[in-house]
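Quick notes on the structure that follows.
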Amino acid sequence: MLPYTSLLAERLSSHADPAVAAPMAAYMRDQFPFLGLKNPERVALTRAFLAEHGLPAGEAELLQVAEELWSLPQREFQYTAMLLLEKRLKHAQPERMPLLERLITTKSWWDTVDILAGKLAGSLFARYPDLVDEYISKWTASDDMWLNRSALLFQLHYKERTDRELLFALVRRYAGHEDFFIRKAIGWALREYSKTDAASVTRLVEETLLSPLSAREALKWLRGQDAIDD
């Protein structure tokens, strides 16, 4: 493990609080152990560490630190890995994608996958569209549900830049999927896009046999707008 990773891990671990860790783990259905650092405290500690040590020197070292943090058991280390990757988001290169893919499929749960897909991978795909052809077809063909969810969510913040045909094709592909996280992702992706193209989303929901959860989530913002307009 790099000295940088060890120092950062020690800094966070020194503020562990078992009394806080137990309910945090319970909230995540005991999928992972926690140090017991709530988000504001963890972010503050990380920022203080960065003020002293800076970011890892270069992209290669940053990716190694992120992967080493990911390998540690407590969930806060995965959150911190993503925070470090976000710090150099605008300078990320396509070579980052294999790592992001591994992180999506390792210690997977919605709290990490949604940031990895919607922010970290989504930003790279926007800047390097050729990556979409390379990765999204692979993700949709995968048996890994979290890769499927990531394919649905990577355009979450694209607004008018959304590839509507791709999004709608993915929605139709997964419309009959039984997993809660896929059904929720369909609704979430459509709800966000409805803020840009309400008519297309409404028409898709009317014409596609979606689960009640997906349809309800997809139209939630539009129905709220209707209530405001009335």
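What you see is a predicted model; the values in this text were computed from it and never measured. Nothing fancy with the numbering, it's 1 onward along the sequence.
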Going from [atom1] on [X] to [atom2] on [Y], what distance comes out if it is rounded to the nearest 0.5 angstrom?
X: Glu206; Y: Thr208; atom1: CD; atom2: OG1; result: 10.0 Å
X: Leu167; Y: Ser200; atom1: CG; atom2: OG; result: 10.5 Å
X: Lys119; Y: Leu116; atom1: NZ; atom2: CG; result: 11.5 Å
X: Tyr174; Y: Ile182; atom1: OH; atom2: CD1; result: 6.5 Å

Taking salt bridge (Lys or Arg N to Asp or Glu O under 4.0 Å) as the definition, give me every residue that meets it alongside Arg75, ordered by chain and number, with sequence neighbours left out.
Asp111

Do [X] and [Y] have side-chain heavy atoms sitting under 4.5 Å apart?
X: Pro73; Y: Phe34; result: no
X: Val65; Y: Leu69; result: yes
X: Leu166; Y: Phe154; result: yes
X: Trp188; Y: Glu217; result: no
X: Leu89; Y: Leu85; result: no
X: Asp197; Y: Glu160; result: no
X: Leu8; Y: Leu84; result: yes

Please check if the number of heavy atoms outside [X] that lie under 6.0 Å from its [atom1] is greater than 12.
X: Lys195; atom1: NZ; value: yes
X: Glu165; atom1: CD; value: no
X: Arg47; atom1: CZ; value: no
X: Glu52; atom1: CD; value: yes
X: Lys107; atom1: NZ; value: yes

Donor-acceptor contact present, side-chain [X] to main-chain [Y], <3.5 Å:
X: Thr162; Y: Arg164; value: no
X: Thr106; Y: Leu103; value: no
X: Glu68; Y: Ser6; value: no
X: Ser214; Y: Leu210; value: no
X: Ser13; Y: Glu10; value: no
X: Arg127; Y: Lys90; value: yes
X: Tyr158; Y: Ala126; value: yes
X: Thr112; Y: Trp109; value: yes
X: Glu76; Y: Arg42; value: no

Run the side chain to side chain contact (heavy atoms under 4.5 Å, CB included) check on Ile186 and His177 step by step: do they pass?
CA-CA 10 Å; Ile186 288 171; His177 204 288; 5.7 Å; no

Stacked cation flag Arg183 on Phe180, 6.0 angstrom / 45 deg
no

Check whether the side chains of Trp221 and Glu192 place a donor and an acceptor atom closer than 3.5 Å, and report yes or no.
no

Shared hydrophobic cluster for [X] and [Y] (ILVMFWY, side-chain gaps under 4.5 Å):
X: Trp139; Y: Met145; value: yes
X: Leu72; Y: Val43; value: no
X: Leu35; Y: Met1; value: yes
X: Leu213; Y: Leu219; value: yes

Taking NZ, NE, NH1 and NH2 as the nitrogens, is one of them in Asp179 or Lys184 under 4.0 Å from a carboxylate oxygen of the other?
no

Would you call Lys38-Glu41 a salt bridge at under 4.0 Å N-O?
no

Chi angles and distances behind the side chain to side chain contact (heavy atoms under 4.5 Å, CB included) call for His91, Glu59
CA-CA 9 Å; His91 303 288; Glu59 179 75 354; over 6 Å; no

Under 3.5 Å donor-acceptor pairs involving side-chain atoms of residues 15-24, not counting sequence neighbours:
residue	atom	partner	partner atom	Å
His15	ND1	Arg11	O	3.1
Asp17	OD1	Ala19	N	3.1

Go through it in stages, so that I can follow the logic: the residues are Val201 and Arg191, the test is side chain to side chain contact (heavy atoms under 4.5 Å, CB included), and I'd like the CA-CA distance, side-chain angles, deciding distance and then a yes or no.
CA-CA 8 Å; Val201 170; Arg191 182 171 74 248; over 6 Å; no

Show your reasoning for whether side chain to side chain contact (heavy atoms under 4.5 Å, CB included) applies to Met97 and Glu134.
CA-CA 10 Å; Met97 274 307 307; Glu134 178 181 354; over 6 Å; no

Assign the ring pair Tyr4 / His53 to parallel, tilted or perpendicular, where the plane angle (0 to 90°) is split at 30° and 60°.
perpendicular

Trp146 and Phe181: ring-ring contact (aromatic ring centres under 6.0 Å, His included), yes or no, with the steps?
CA-CA 8 Å; Trp146 296 107; Phe181 288 107; 5.0 Å; yes

